[in-house]
Every structure is written in structure tokens, then in C-alpha cells.
Amino acid sequence: RNTDAHRSLVALGKHPACSRFLATSAVTGRSRVRFASALSALLHWAAPLSTLGDLPRLVLAITDVFGAEQVSSFEFLAALSLNWGSLWFPGGRASAWALLKASDLELATHLEAFAGGASDHPEHDCLGQLLETMLCEALPREEWLALLDSLV
């Protein structure tokens, strides 16, 4: 399912805001292609993220860690945006969850069901677990610990 969703975002092509970020980037070769693809997919998924000036540096770091694993890279960026990215927006977690519902109601509904309705904040209940599981599965222990250290 995530592969199909990612493929549909990539099929939308380069996001208009991506050109602005690429113009200031010194990244070349395959890294540039992966960076542009991940950034565009993320911005197609949640366009308001384009207002975050430091987003390209984050996306570049993540795509460098995941390399050719583009779906995993996108999943990590989406989970990171949903779980901790709320602090990047005025209004905190409430606005980030509202952003998810506006951008991808199907995913928000799925995450609420996954959380089991145990609280009023399903993003607290499930995204951390999903992120930890994904990191454990996608990266060797040393690499994901190094990534976590650099993000925190």
C-alpha cells in the first residue's frame, strides 16, 4: 500500500516549490535525484511543509541515510513530520493533525483506527511506535541511532 501511495505522489512530478529549494542546493548526481524526488513527494503529500525553510536540509539528510530506499525515506519523513513536525507550525500538535486530516483524510482515519481510539490524540499513540518500528527494520542499529542523534 505504501509503495502504491508513494508511486502516485512521485507520478505527480516535481512540486513547484521544489525548484526553489533545488536552485540553492549544491547536491549533484543520484543524491540530487533522490533528494528532488523525496522533497517533491513530501510537498505533494503536504504542501504547507514548503513554508519550512529548513525542510531541504532535513530531506537531504534523510535521503542520504536511506539511499535508494525511496519509499522508506518518504515514510520516515512523513512520520517525522506528523510526530515531531507539529512543533514547526504555529498551533503545535493540533494544527499538524488538522493538516494531516486536510491533506490525507484516509491516512488520518487509518491512524486513528490503529490507535484504537484510546485517547483524543491518536498521533501520540501510534506514530512514535510506527517510526521506531520502521527505523528498526530499515536501518542497521548504528545508522538509525546516529540519525536519531543528529535529529535530536
Side-chain angles (χ1 to χ4, degrees), residues 1-108 110-111 122-124 126-152:
R1 265 173 64 170
N2 290 340
T3 303
D4 293 340
H6 179 260
R7 188 178 304 121
S8 69
L9 290 168
V10 170
L12 295 173
K14 187 166 62 171
H15 190 276
C18 190
S19 296
R20 178 183 50 164
F21 293 129
L22 286 171
T24 61
S25 172
V27 179
T28 59
R30 290 184 198 160
S31 291
R32 185 178 181 89
V33 172
R34 287 192 296 259
F35 167 68
S37 177
L39 183 60
S40 289
L42 190 63
L43 294 177
H44 281 302
W45 176 68
L49 293 175
S50 67
T51 63
L52 302 174
D54 289 333
L55 183 67
R57 289 190 311 183
L58 173 65
V59 171
L60 182 59
I62 300 303
T63 56
D64 281 348
V65 169
F66 282 95
E69 296 293 327
Q70 293 183 4
V71 174
S72 296
S73 179
F74 176 78
E75 289 173 337
F76 179 86
L77 288 163
L80 183 69
S81 298
L82 291 171
N83 203 34
W84 289 287
S86 60
L87 303 175
W88 306 333
F89 293 98
R93 290 195 184 277
S95 67
W97 195 248
L99 173 66
L100 172 62
K101 284 186 173 183
S103 299
D104 193 336
L105 183 59
E106 182 180 353
L107 176 60
H110 173 74
L111 291 175
E123 70 276 17
H124 296 186
C126 66
L127 292 177
Q129 296 168 24
L130 291 172
L131 184 59
E132 183 178 339
T133 300
M134 185 188 73
L135 286 173
C136 291
E137 295 294 324
L139 298 172
R141 179 175 171 75
E142 297 79 25
E143 288 183 23
W144 77 261
L145 288 174
L147 173 64
L148 189 59
D149 285 346
S150 70
L151 293 174
V152 177

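Given the structure is predicted, the values throughout are model-derived calculations rather than measurements.
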Next on the checklist: Taking salt bridge (Lys or Arg N to Asp or Glu O under 4.0 Å) as the definition, give me every residue that meets it alongside Arg57, ordered by chain and number, with sequence neighbours left out.
Outcome noted: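 Checked Arg57 against salt bridge (Lys or Arg N to Asp or Glu O under 4.0 Å); matches are Asp54.
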
Those residues at least two apart in sequence (or on a different chain) that pass salt bridge (Lys or Arg N to Asp or Glu O under 4.0 Å) with Arg7 are Asp4

Closer than 3.5 angstrom, by distance alone: can the side chain of [X] be matched with the main-chain N or O of [Y] as a donor-acceptor pair?
X     : Y     : value
Ser40 : Ala36 : yes
His44 : Ala11 : no
Ser73 : Glu69 : no
Arg34 : Asp64 : no

Could you tell me how the ring of Phe74 sits relative to the ring of Trp45: parallel (under 30°), tilted (30 to 60°) or perpendicular (over 60°)?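 It falls in the perpendicular class, over 60°.
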
Student check: side-chain heavy atoms of Leu80 and Leu58 closer than 4.5 Å
yes

Close side-chain approach of Leu60 and Leu39, heavy atoms under 4.5 Å: no

dist Leu42:CG -> Ile62:CD1 (nearest 0.5 Å) comes out at 10.5 Å

Sorted by chain and residue number, the side-chain contact (heavy atoms from CB on, under 4.5 Å) partners of Ala17 (sequence neighbours excluded) come out as His15, Arg20, Leu43, Ser50

Minimal non-hydrogen separation, Ala41 against Val10, with atom names: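 Shortest heavy-atom contact: CB-CG2, 4.5 Å.
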
